[in-house]
Amino acid sequence: MLLAYAPEALAALRPPTAEDPWRVLVSGCLAGWRCGVDGGDYGLPPTVADILASPLVRAVPFCPEQHALGTPRTMPDLWGGDGFDVLAGGARVLDEHGADLTAAMSSGARAMRDLAVASRVELALLTDMSAACGSQVISDECRLVPVRKFQKGVGVATAMLLEAGVPVVSQRDHKTLGAIRARLDPSFVPGEDLRDHHEHPWTVEHLPAPHPRRSIGRPGRDPG
Ligand code: SF4
């Protein structure tokens with residue numbers, strides 16, 4: 001499930017201990033791997049450094065794109081839907097040259113899902129906006145254009161993780177990340193003004209429709 005829409009799932013996680021820390025799957029770039037398309041980490045590690053530094057967390061980093069396509073690589077983006085639509089055969093992943101990366105992205109996603117299952121991860125902390133790891137907002141077709149388009153939805157790896165029952169949070173879900181920090185450190189008090197990505201003014205203005213996957217993992221909930 002997407003924790004930004006299901007805070008009760010975070011509250012239901014077992015209390016972590018130093019002897020038995022939370023096992024957290026982490027996008028490689030968030031963990032400091034230089035696995036971005038350009039060989040960098042996108043400057044992301046500081047956004048989750050406090051959480052990953054906790055002795056109550058055991059990070060399991062992985063990059064599905066690097067696994068399948070290598071680094072550096074061309075830019076994968078979703079065409080015709082999101083990661084679940086790719087798994088259903090109704091959408092594709094193309095790079096900026098029009099090369100079809102759908103099979104490779106699915107292979108990388110499977111490898112990430114298999115690692116998550118083998119490692120018995122309890123939570124996944126993933127980089128939003130990625131065609132693999134995105135969970136709240138992703139590009140709608142190629143991003144390397146004068147006017148980039150966006151859509152709400154999930155990346156291919158995120159879709160496989162959600163199918164496997166792994167709860168997912170993004171580095172832009174600041175309210176949920178604050179709640180996670182508070183679980184790890186009871187002395188930490190999250191700011192009351194923290195917002196998750198779908199609550200950010202930019203998202204509210206530009207993507208007002210409900211997230212199409214917000215009810216995943218919560219049977220019976222109205223996705224509207
Ligand atoms: S595929 Fe995921 S882990 Fe790899 S660079 Fe992109 S966002 Fe980071």
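First listed ligand is number 1; within each ligand, the first listed atom is number 1.
- Residue contact check for ligand 1: R73 places a non-hydrogen atom closer than 4.0 Å to it.
- Other residues sharing the hydrophobic cluster of V204, ordered by chain and number and joined by side-chain separations under 4.5 Å: none, the residue standing alone.
- Listed by chain and residue number, the protein N/O/S atoms under 2.8 Å of atom 2 (Fe) of ligand 1 are C133 SG, with waters left out.
- The pair R113-E163 fails the salt-bridge criterion, with no side-chain N (NZ, NE, NH1 or NH2) lying under 4.0 Å from an Asp/Glu carboxylate O.
- Hydrophobic cluster membership for W202: M129, V137, F150, L207 (Ile, Leu, Val, Met, Phe, Trp, Tyr linked by side-chain heavy atoms under 4.5 Å, directly or transitively).
- Applying the side chain to side chain contact (heavy atoms under 4.5 Å, CB included) test to L94 and every residue at least two apart in sequence or in another chain returns W79, R92, D100.
- For CZ of R120, the number of neighbouring non-hydrogen atoms (other residues, nucleotides, ligands) closer than 6.0 Å is 12 at most.
- For the side chain to side chain contact (heavy atoms under 4.5 Å, CB included) with Q171, the qualifying choice from I51, L126, L30 is L30, the only one to do so.
- Closest approach of L87 and A159 over heavy atoms only: CD1-CB, 3.8 Å.
- Every atom of ligand 1 with a heavy atom of F62 under 4.0 Å away is listed here by number and element: 3 (S).
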